[in-house]
Protein chains: 2
Amino acid sequence: MEDRTINMEEQKEITIYDIARHLNISAATVSRGLNNNPMISKATRKKIADTAKSLGYQSNTFASSLRSKQTHTIGVLVPRLNSYFMSSVLAGMEKVANLGGYNLIIAQSLENVEREKTNALTMFNKRVDGLLISLSYDTQDLTHLELFFKKRIPVVFFDRVGSHTESTSVVIDNYSEAYNITRHLIDQGCKKIMHLGGNTHLNVYKDRLAGFKQALADHNLPFVEEFHLISNLSEDAGSNAAKFILDLAPGDRPDSVFSANDTAAVHCMIILKNANVAIPNDIAFAGFNNDPSSKIIEPNLTTVDYPGKTMGEAAATTLINHLKGITNIYITNLLTLKSGLIIRASSLKKPLSF
Amino acid sequence: MEDRTINMEEQKEITIYDIARHLNISAATVSRGLNNNPMISKATRKKIADTAKSLGYQSNTFASSLRSKQTHTIGVLVPRLNSYFMSSVLAGMEKVANLGGYNLIIAQSLENVEREKTNALTMFNKRVDGLLISLSYDTQDLTHLELFFKKRIPVVFFDRVGSHTESTSVVIDNYSEAYNITRHLIDQGCKKIMHLGGNTHLNVYKDRLAGFKQALADHNLPFVEEFHLISNLSEDAGSNAAKFILDLAPGDRPDSVFSANDTAAVHCMIILKNANVAIPNDIAFAGFNNDPSSKIIEPNLTTVDYPGKTMGEAAATTLINHLKGITNIYITNLLTLKSGLIIRASSLKKPLSF
DNA sequence: TTGTAGGCGTTATCAG
DNA sequence: CTGATAACGCCTACAA
């Protein structure tokens, strides 16, 4: 008697055998029917579906994965979950994955290689069909992904990408955009441009810095090492940059700032505004990412459109198409998405000319 | 000869049997050793671990899950991935889950019950150990979760919660916070307060509206139906609210706005500011969520602190503790997190008094 | 402390 | 078109 509640909890799972028994057919047929195998007659397929429903059958994904060696699960490994950009990326990925019948296992490295390593390993052990990854701040090489490469589990990099000849990377042209936005500042008459940059181990920051430098060089402006502030580009980093600027004698200050992300730019602007620095007249500003905050800060921030959702969709689509045999990521090496300058008031020292 | 490359790709997986063979012990011992079962001598455990590593063994999670009926995977089902709040929640969940040895399968309903239904079903079929869910805009009842309830797979609701006596919900006190923020506006001399609200099917918006109404009633102010605008609280909804206000004769306009989220509030403010409406003097503003944008808009937006990361951590912890048998969600019904008013310039018609 | 044997639920192979 | 049977890789009584 005491067992009754336990028995109720521990109901046996309904399996294809139960369905088979009910219909006096074999489990193999049920399996095929459930998978809509055209070899099975429409009539039996329907019968199978019906009794499956009436019995409350729910397929067991493991058992299936164990045999078929397919999980229909994609691993997503990102530095941090909580940024506007990353959540847009994930939204795009989830949409595409769901449409294609895939699920997403998501983990964050918190900018730490070790966590990236262990997360990659668990995903491997969960036998994800493929991996979508944006590298952590710390990551210097790709040895922790060898497991995937060796077993030919497809890996698609996005945003912060690694160089691996047999994988595809999805990016925007960070170099050109940085070049263009710097040139725009120069066009506005800026001559002393400060750059808030990130760790140059990472392609995104390295490329943005390179584009920035090249634009300076092409316009005969010197690159001033003291005006290249490297940080994690957080809110605090932006505030600190502002303090750095305010500590300079007014004559020594930069006439503009190009930040490698909007967050730092915006928080730098806020402090400077409080100190009565006029933007853009005293100091012009340009950011990167087109974060929502760039449209809220006053003056609105000039920035580079970084289409997160599109990037997520592109990365997921690339991976899934590869999994489905439609394309092959071992052939394509780089997928560069369209991006573009968004010019707003924060950088306009003179009216836009046509 | 032609087969060689194929053979290289299709390397057999290394299994516990391979390890067993290498060491001339049984697979059972290997299995136990790998799981650090204390019954196995330290020496053999070490030998097992070593050869596992040297053979490049990777455990197969399915096979394990198939037998043990545990997946160490938690399903997370949210309305939308791409909001600051939700990404904070996810960041909190992921952190806790990872620490506890769990993985997250994440999907979004895109505010659509049907997607919520199918996503819940796939998660069920993937045999998640538990489910963390915030309901879609559309969701009216919980029938699609019956599967979980019946099998006693624990479900923890958060933010947009459903009422189910056998599940725990993690929330903040929306009612009180709305009451308090409304009272704050009234204290500032506001008498015609407009409310930008969401669908009142959802607890969060229903409670915020109720708190708002009660505060009005307690201060002998009428609730004006025309000043209750229901929308999805998007950027556009905020802009539309602004247009609605501007279409009113200045004398008929509200003297303040309490928005059920910051996004709508901020975008409403932007339009009004462009139309030279003075904030807070002409119209005071209060929002909800403490979105980053609330600290960027000028004047800074008065709002309610909504601790996303904490909520994610709390929901995940509750679920995992239940799974580990430490606590029991069938006993606790509601977990109310600390929140609080954040008063900023957007609502201060008169100086703060002490 | 270790080994044996059987089964978890599905799918693949082969045969009819 | 359908059935029988053997895996898939691991875990767990039970036995030794």
Side-chain angles (χ1 to χ4, degrees), chain A residues 10-49 51-52 55-73 101 122 124-129 151, chain B residues 10-49 51-52 55-73 121-122 124-129 151:
Chain A
E10 302 280 333
Q11 289 162 33
K12 274 271 182 197
E13 305 235 350
I14 310 275
T15 74
I16 53 173
Y17 281 98
D18 298 316
I19 300 177
R21 212 172 308 123
H22 264 254
L23 293 173
N24 265 317
I25 57 179
S26 78
T29 305
V30 175
S31 171
R32 287 191 271 250
L34 255 15
N35 292 322
N36 261 307
N37 188 323
M39 287 202 297
I40 304 295
S41 75
K42 281 239 179 223
T44 38
R45 249 189 282 172
K46 175 147 177 45
K47 271 195 290 183
I48 292 168
T51 56
L55 289 180
Y57 166 80
Q58 292 304 144
S59 82
N60 184 324
T61 322
F62 311 135
S64 162
S65 297
L66 181 57
R67 275 278 7 196
S68 65
K69 304 210 176 281
Q70 284 210 21
T71 59
H72 290 283
T73 300
T122 27
F124 180 86
N125 284 346
K126 293 229 165 179
R127 300 293 193 274
V128 293
D129 287 348
K151 267 203 97 189
Chain B
E10 303 281 333
Q11 291 163 31
K12 275 271 184 195
E13 304 234 351
I14 312 274
T15 74
I16 52 173
Y17 284 97
D18 298 315
I19 300 177
R21 212 172 308 123
H22 264 254
L23 291 174
N24 266 319
I25 57 179
S26 79
T29 306
V30 176
S31 170
R32 288 191 269 249
L34 254 14
N35 293 322
N36 261 306
N37 187 324
M39 287 202 297
I40 305 295
S41 75
K42 280 238 181 225
T44 38
R45 252 190 279 172
K46 172 144 178 50
K47 271 196 287 181
I48 291 168
T51 56
L55 290 181
Y57 167 81
Q58 292 305 145
S59 82
N60 183 324
T61 322
F62 314 135
S64 161
S65 297
L66 182 57
R67 283 261 19 188
S68 65
K69 306 215 176 277
Q70 284 211 21
T71 59
H72 289 281
T73 300
L121 185 58
T122 28
F124 181 86
N125 285 345
K126 293 228 164 178
R127 300 293 193 275
V128 293
D129 288 347
K151 266 202 99 192

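Proteins get letters first, then strands, A, B, ... in listed order; numbering begins at 1 in each. Being a predicted model, the structure only gives us computed values, none of them experimental.
- D/dC10 atom C1' lies 14 Å from atom NE2 of B/His72, rounded to whole Å.
- Residues A/Thr51 and A/Tyr57 are not in side-chain contact: their nearest non-hydrogen atoms beyond the backbone lie 4.5 Å or more apart.
- Two residues, B/Pro38 and A/Phe62, neighbour DNA chain C, and the one matched to the more 5' nucleotide by heavy-atom proximity is B/Pro38.
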_Does the protein touch nucleotides 10-16 of chain C at the base, only the backbone, or not at all? Give it as B, S and - per nucleotide, heavy atoms under 4.0 Å._
BBBB---
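- For A/Thr44, taking side-chain heavy atoms from C-beta onward, the closest of the listed nucleotides C/dT2, C/dG9, D/dT2 is D/dT2.
- Side-chain contact between B/Leu121 and A/Gln58: present, with at least one pair of heavy atoms (C-beta onward) separated by less than 4.5 Å.
- Summarising the geometry, the separation between NZ on B/Lys42 and C1' on C/dT2 is reported as 18 Å, rounded to the nearest angstrom.
- Taking atom CD1 on B/Ile25 and atom C1' on C/dG3, their separation rounds to 10 Å, with Å as the unit.
- At a threshold of 4.5 Å between non-hydrogen side-chain atoms, the residues A/Asn60 and B/Leu66 count as touching.
- We find that CG of B/Leu66 is positioned 9 Å from C1' of D/dC8, with the value rounded to whole Å.
- Taking side-chain N and O atoms only, B/Lys69 has a distance below 4.0 Å to OP1 or OP2 of C/dG9.
- At distances below 3.5 Å, not a single donor-acceptor pair connects side-chain atoms of A/Asn35 with backbone N or O atoms of A/Asn37.
- Going from atom CZ of B/Phe124 over to atom P of C/dG9 covers 13 Å, rounded to whole Å.
- Counting heavy atoms from C-beta outward, A/Thr73 and A/Thr61 have side chains that stay 4.5 Å or more apart.
- The distance between atom CD1 of A/Ile48 and atom C1' of D/dC1, rounded to the nearest whole Å, is 11 Å.
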_For A/Ile48 and A/Arg45: C-alpha separation, side-chain torsions, deciding distance, then whether side-chain contact (heavy atoms from CB on, under 4.5 Å) applies._
CA-CA 5 Å; A/Ile48 292 168; A/Arg45 249 189 282 172; 5.5 Å; no
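- Nearest to the side chain of A/Ser26, among D/dA4, C/dT2, D/dC1, sits D/dA4.
- Two residues are said to be in side-chain contact when any heavy atoms from C-beta on lie closer than 4.5 Å; A/Lys47 and A/Thr44 meet this criterion.
- The CZ atom of B/Arg21 sits 12 Å away from the P atom of D/dC10 (whole-angstrom rounding).
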